[in-house]
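Heads up, the thing below is written out as structure tokens.
Values reported hereafter were calculated over all heavy atoms of this structure, with side chains retained and with hydrogens, waters and symmetry mates removed.
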There are 2 protein chains.
Amino acid sequence: MFTTTADVCGWLADRRAANEYWVKEVPLEKMDGWRIRPGGDIAHRTGRFYTVTGLEVTGADRPVGAWQQPIIDQPEIGVLGILVKRFNGVPHCLLQAKMEPGNVNMLELSPTVQATKSNYTRAHGGKSVPYLDYFLAPRGGTVLFDALQSEQGAWFLAKRNRNMIVEATGDVPVLPDFCWVSFEQVGELLRIDNMMNMDTRTVLSGAAVLRQASDDEDERPRHSVADLLSWFTEAKARSSMTRRRIPLSAVSEWDYENGTITHRDERHFTVLGLEVRASNREVSGWSQPMIAPRGQGVVAFLGKRVQGTTHLLIQARTEAGAFDTVEMAPTVQCLPDNYKDLPDQPPFLRDVLSAPASRIRFDSVHSEEGGRFFHAQNRYMFVELPQDEPEPDLPENFVWMTPRQLMGFVRYGNHLNVEARSLVACLGLSADSPSHEERSVA
Amino acid sequence: MFTTTADVCGWLADRRAANEYWVKEVPLEKMDGWRIRPGGDIAHRTGRFYTVTGLEVTGADRPVGAWQQPIIDQPEIGVLGILVKRFNGVPHCLLQAKMEPGNVNMLELSPTVQATKSNYTRAHGGKSVPYLDYFLAPRGGTVLFDALQSEQGAWFLAKRNRNMIVEATGDVPVLPDFCWVSFEQVGELLRIDNMMNMDTRTVLSGAAVLRQASDDEDERPRHSVADLLSWFTEAKARSSMTRRRIPLSAVSEWDYENGTITHRDERHFTVLGLEVRASNREVSGWSQPMIAPRGQGVVAFLGKRVQGTTHLLIQARTEAGAFDTVEMAPTVQCLPDNYKDLPDQPPFLRDVLSAPASRIRFDSVHSEEGGRFFHAQNRYMFVELPQDEPEPDLPENFVWMTPRQLMGFVRYGNHLNVEARSLVACLGLSADSPSHEERSVA
């Protein structure tokens, strides 16, 4: 057990020093174990893990309505699970110091279990997945949260993982590379850059929901839940997006050159190959294709007090790979570099980036899944609009809702995208969150 | 306004007599406006409305895990909307006497609006859809319920419609073929065979939810909502079903003969062509392909009092065409004729069909969507298990939940299949429902 958050950081640094990691970019066609199929799709020679393929999108409810792009196809549902146990009545999360080749700092804190179906059915031919028995039925422990949740709709084709929180009652042996962290420490760690990996954050959004559920209900929301569900249904019904898989080599505006796949205007992302060595992973060395976004992204909620209650501005966002086309997303979610030299900027981006420090309530850089995305960092922010200015006009795909209302949608799955869930975890579990403030006001 | 339910029936008979309907089976290749594409798919010559195509299913969590079948592909999201208005404080639904060629009695009561996107964007070249303005934004009235809901997963490929209930405040002119019916009358009409069409029933499941919400909360459920969501997530994660569209003429075990498509063993359903004339539809005459199931189906909840609270036995059911593979379904949902001469019967079918009248709490025959399905009747039942017998062992895809818990899932869409929603409407709105009984006990 750690006394302070600094102890956790020290332990993670020790784990980093105790193992050896080595990552090198290699041309896509030189990756060991992978092959380029006729048509250009990049697949593992076993046909498992994932494939980089092409997608054609038309009729999207976005500034640019039609495009083609490379995308990762991984149809299996994996398990992301955090084991919770009370010590002297205080619930703690069992987290793992896990190396992923796409992490800027190699090691971050991952959930207790972070396993694709290929992982836990041993497609790797590697070690078994520790603690998996707590998450697969018939399981030991009590399920507190269990939902299928989507992952990055810009880069994944309808990818979903099972997000689980299970409370253990009996003794839980702590293996090397694992540690117990209290929720208070979790909240502090979420404020530190690149400590909590994406899988930890999405599972923790479920924990934010659980903590929220026991709060008082004194808030005065602008809209009823029925209104919000109707707004969401309307956005889905409005969408006439169609998606079609196409061969990767047929994707227009993208070029395969020098062993990587890049966008003609150097926007969006690059598909590159990595060669990896690690001393503490299931397999000691492997190669894999990854998506490397261009520049650092911005993921932000704009907030405002309405009728004395904090509201967040939520976007119904159409994404190429989203399981059901449209999901609830943060106010701002973009790679600003994509809009360089373009006249139209994403709505509210300027409000976020030009806010003075006094109105920035949360501001940390976190990485997306380091097992698929290379150095994919986003600046996660919560920015308050000035109280004395009139409310901004909203495009039809934006709506105000309270943190409690937003969290109410998390448990049903398929409502919030992964970026919104990351922010929900950050705001719901860190000390200076909007929901905490409501309580102090109430 | 009607004084009694008999008045509604009389009015519907009058409407039936005031118009002329004429339906004739024609060979699929002779349907006006439709053509057989290379590969055998049956499509409208405009490419709109819907297509009958083939589907290959593998890895389904069902007694038979792999098969091929014809299926209807209609990717658009239509609107099913009921307009509600209070008269002297009593809410009434605006229903329509609507002819559908697949109805056994031609005319049934449909929602205020029942429109495919083709309908309301005038692909028919027909009349405009009355009352549609109440349901499309910016709308008059207050949205009470609004969710995307699936339709028959056995016959539709990922078909969903927007189910809406909107309350009007101002004057609403009543057009011919429309009438106001109170919720009390709705409850009685749901007990009469083939009066309330499928679209009315699925929208009314949302009304059952609204009425439920204001009830007391004295029930003692066997499982928490978190447990139920976990059971549902687990069923989805367990599924390894894959689906692939194939040309209709490539579907094995099905034959195109004498202008219809039939299963080799005369099971499941027939695809047939209809020629239709009606004096009060948007277009006076048309042809269309339809699915005609073999025999009458059984759709039933088994119920039992557990800890003094009525519980329903719910099935996590894998269906070929379900939007997300698995949905919450009634205890029993099958065509018994499919199991003639087979050793294994569906679980709990015998418990339902052999129950004495004293344990049958609901028993009405209703038809599925008469615009796509020909004489597709199901016997909808609610049967109580004997109190003095031990609980039956449950297969892993069955679970007990209370009517309130089940209804709680309706508003989020994609949880209950259309057969379960029909039963929820029947039980939630008819007088002798389980939830009403709970109140009297409490």
Ionic contact status for B:D73 with B:R245, cut-off 4.0 Å:
yes

B:D61 and B:S239: side chain donor to acceptor below 3.5 Å
no

When you check the side-chain N and O atoms of A:T51 and A:D41, is any donor under 3.5 Å from an acceptor?
no

Polar side chain donor-acceptor pair, A:T242 to A:T58, under 3.5 angstrom
yes

Of all of B:H415, B:R411, B:E396, which one pairs up most often with chain A through heavy atoms under 4.5 Å apart?
B:R411

Please classify the contact of B:F409 with chain A as side chain, backbone, both or neither, using a heavy-atom distance under 4.5 Å.
side chain

Taking side chain as everything from C-beta outward and backbone as N, CA, C, O, which of these in B:R162 sits under 4.5 Å from a heavy atom of chain A? Side chain, backbone, both or neither.
side chain

Report which part of B:T142 has an atom under 4.5 Å of a heavy atom belonging to chain A: side chain, backbone, both, or neither.
neither

Among A:N161, A:I77, A:L229, A:V79, which residue has the highest count of heavy-atom pairs closer than 4.5 Å to chain B?
A:L229

When you measure from the centre of the six-membered ring of A:F323, is the NZ or CZ of A:R160 under 6.0 Å away and within 45° of the axis?
yes

Output all residues satisfying ring pair (Phe, Tyr, Trp, His ring centres under 6.0 Å) with B:F398, sequence neighbours left out; order by chain, then residue number.
B:F348

For chain B, find which of A:V143, A:L136, A:D324, A:V225 contributes the most heavy-atom pairs closer than 4.5 angstrom.
A:D324

Measure B:N414 against the heavy atoms of chain A and call it side chain, backbone, both or neither at under 4.5 Å.
side chain

